[in-house]
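Below is one structure, written out as structure tokens; comments come after it.
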2 protein chains.
Amino acid sequence: MTEQTRPTKLGRLATYADRTLPVLREMILDGKLPPGERLNEVHLSQALGISRGPLREAINRLAVEGLVEAVTHRGVYVRSFSARELSDFYELRVALETHAARLAARYAPQERIDELSHMLDETEQAMGNDAAGAYPASPDFHARLSRLAANPPLLQSLTEVGRKIQLARARSAHQPQRARVALDEHRAITAALSARDGEHAAALLEAHLTSSLNNALAVLRAAEPK
Amino acid sequence: MTEQTRPTKLGRLATYADRTLPVLREMILDGKLPPGERLNEVHLSQALGISRGPLREAINRLAVEGLVEAVTHRGVYVRSFSARELSDFYELRVALETHAARLAARYAPQERIDELSHMLDETEQAMGNDAAGAYPASPDFHARLSRLAANPPLLQSLTEVGRKIQLARARSAHQPQRARVALDEHRAITAALSARDGEHAAALLEAHLTSSLNNALAVLRAAEPK
DNA sequence: CCACTGACAACTGTCAACAGTTTGAGCGTG
DNA sequence: CACGCTCAAACTGTTGACAGTTGTCAGTGG
């Protein structure tokens, strides 16, 4: 029984600010608060049923995470990223994730890598029929891969840059025709890990992320020619 | 004329919270607020001459940055890192900084790399006499190197992990006898950049950071045998 | 002597009101 | 008609007070 809207009395563990942060983050990443949108403290606090204090704390944390931008005396806005910034984010992600792959190739227990393979098997089976279907499990693959590095700070940084990328890509839905290609690339990366060839895994991963970036950039430019 | 303590009236640009954040950060990194210390909101706000609201905002941002840990209804404490966490931080820094070096080798203009060399020349000249002196410009070298990647998000991540490392190393002063060795390693890295050999620069940098970590770990274990 | 209970003090989380700034509409003027 | 000025509404930054929780310590009973 997991309630989430306790009218007046505070729940036992988490504080209002703690609980509001993920709500706001999801509103932004879901597009309910699109890039450029202003976050009105009064309206939002009333909508969420809390006062401005805890709301401001949650918003502040979002600002540190880089999802919103606070301008003194003028309000906070959902960040809107340029193509250049999206590229920078991907480059940062390459730095982190390729290193995670190298670490995983060296230190991850074999059974964890096998789990990755099994997950890809299941995904392939699930999508097998409609070959041009989506690939919703792709972020999950990258998250599990990053976890194999067994380095919490590294994983944390990857999570944060991942959110910024998600926001930057906003409405550029992933093209379904890349699903099959992406799956194959994930397989190759996993195979390299299994062979304990970190450099090869890193190279494959970098190529994989680069084509993902190019895909996103193409969609972006198509949406906004200038 | 840069005033910093405006008694009552708010300065034009920055807000109290904005100005308090760097003050608190410096207090922590300077050791005035040592690891494990509790940050009492009432006392701190009185000492800083502001009310609890802005102070809480500044503290919240520090929590997101990972320098303090907030425990609900129990206060926030300056974080105290284990040797394992310090290693993780260094590994993360390796991921970021080696990639920055690779990017710099590919894209940085030659004159920027030359500036690095000149800086090393001046440092050597300044320390030349007392060969066992300190090497205070070392962080500056790493900062400039990271800036050559021309990737603001990457630089930002490096800055944040750098602060955590600084806090984790707390009282483990850098051993001066490593100054000469470190300077030589910096020279080698710069030379590799100049030769546009990104892989070599990355390898040298990783070795450099690894010995820095080992040095810090040795000092830590000497201070706290168990 | 130790474990337990209950009340008190200190502190954090939250709220509502106040103060200063920005923005934009309305109005007058060149 | 365009431009600048004035002023009020809206909103953010800040403050002080209130509410709920945690930790402590004296007092009691085993």
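Note on naming: letters A, B, ... go to the chains in the order of the sequence lines (proteins, then strands), and numbering restarts at 1 for each one.
Taking atom CZ of residue R56(A) and atom P of nucleotide dT15(D), one finds them 11 Å apart after rounding to whole Å. Regarding Y16(B), its OH atom lies at a distance of 14 Å from the C1' atom of dT21(C), rounded to whole Å. Atom pair Y77(B):OH and dT12(C):C1' shows a separation of 11 Å (rounding to whole Å applied). In this structure, Q46(B) places its CD atom 13 Å from C1' of dA10(C), rounding to the nearest Å. Atom CD in E57(B) sits roughly 14 Å away from atom C1' in dG13(C) (whole-Å rounding). For L44(B) and dC11(C), the CG to C1' distance is 13 Å, given to the nearest whole Å. To the nearest angstrom, P of dT12(D) lies 9 Å from CG of L55(A). Residue N60(A) contributes atom CG, which lies 16 Å from atom C1' of dG13(C) at whole-angstrom precision.
Near-neighbour residues of DNA chain C inside residues 33-40 of chain B, defined by a heavy atom below 4.0 Å, number-ordered: R38(B), L39(B), N40(B).
Counting any heavy atom pair closer than 4.0 Å across all strands shown, G53(A) reaches no nucleic acid atom.
Taking the side chain of H73(B) as heavy atoms from C-beta on, and the options dT22(D), dG13(D), dC15(C), the nearest nucleotide is dT22(D). Checked against dT12(C), dT22(C), dC15(C), the side chain of I50(A) finds its nearest nucleotide in dC15(C).
Applying the 4.0 Å criterion to OP1 and OP2 of dT21(D), one finds that R74(B) has every side-chain N and O outside that range. The side chain of T15(A) contributes an N or O atom lying less than 4.0 Å from OP1 or OP2 of dT14(C). A close approach under 4.0 Å does not occur between any side-chain nitrogen or oxygen of T72(A) and OP1 or OP2 of dG13(D).
In terms of position on DNA chain C, the residue among R52(A) and A17(A) whose nearest nucleotide sits closer to the 5' end is A17(A).
Judged purely by distance below 3.5 Å, without hydrogens or angles, the side chains of N60(A) and E57(B) pair a donor atom with an acceptor atom. For the residue pair Y90(B) / S212(B), a side-chain donor-acceptor distance below 3.5 Å is found, with atom types taken as modelled. With no hydrogens or angles considered, no side-chain donor-acceptor pair links H99(A) and H99(B) at under 3.5 Å.
K164(A) has no carboxylate O lying under 4.0 Å from a charged side-chain N of E65(A), or vice versa, which leaves the two without a salt bridge. Between K32(B) and E26(B), none of the side-chain N atoms (NZ, or NE/NH1/NH2) sits under 4.0 Å from a carboxylate O, so this pair counts as no salt bridge.
Counting only heavy atoms from C-beta outward, the side chains of D88(B) and L154(A) never approach each other to under 4.5 Å.
S138(B) contributes no side-chain N or O that, together with a main-chain N or O of Y135(B), makes up a donor-acceptor pair within less than 3.5 Å.
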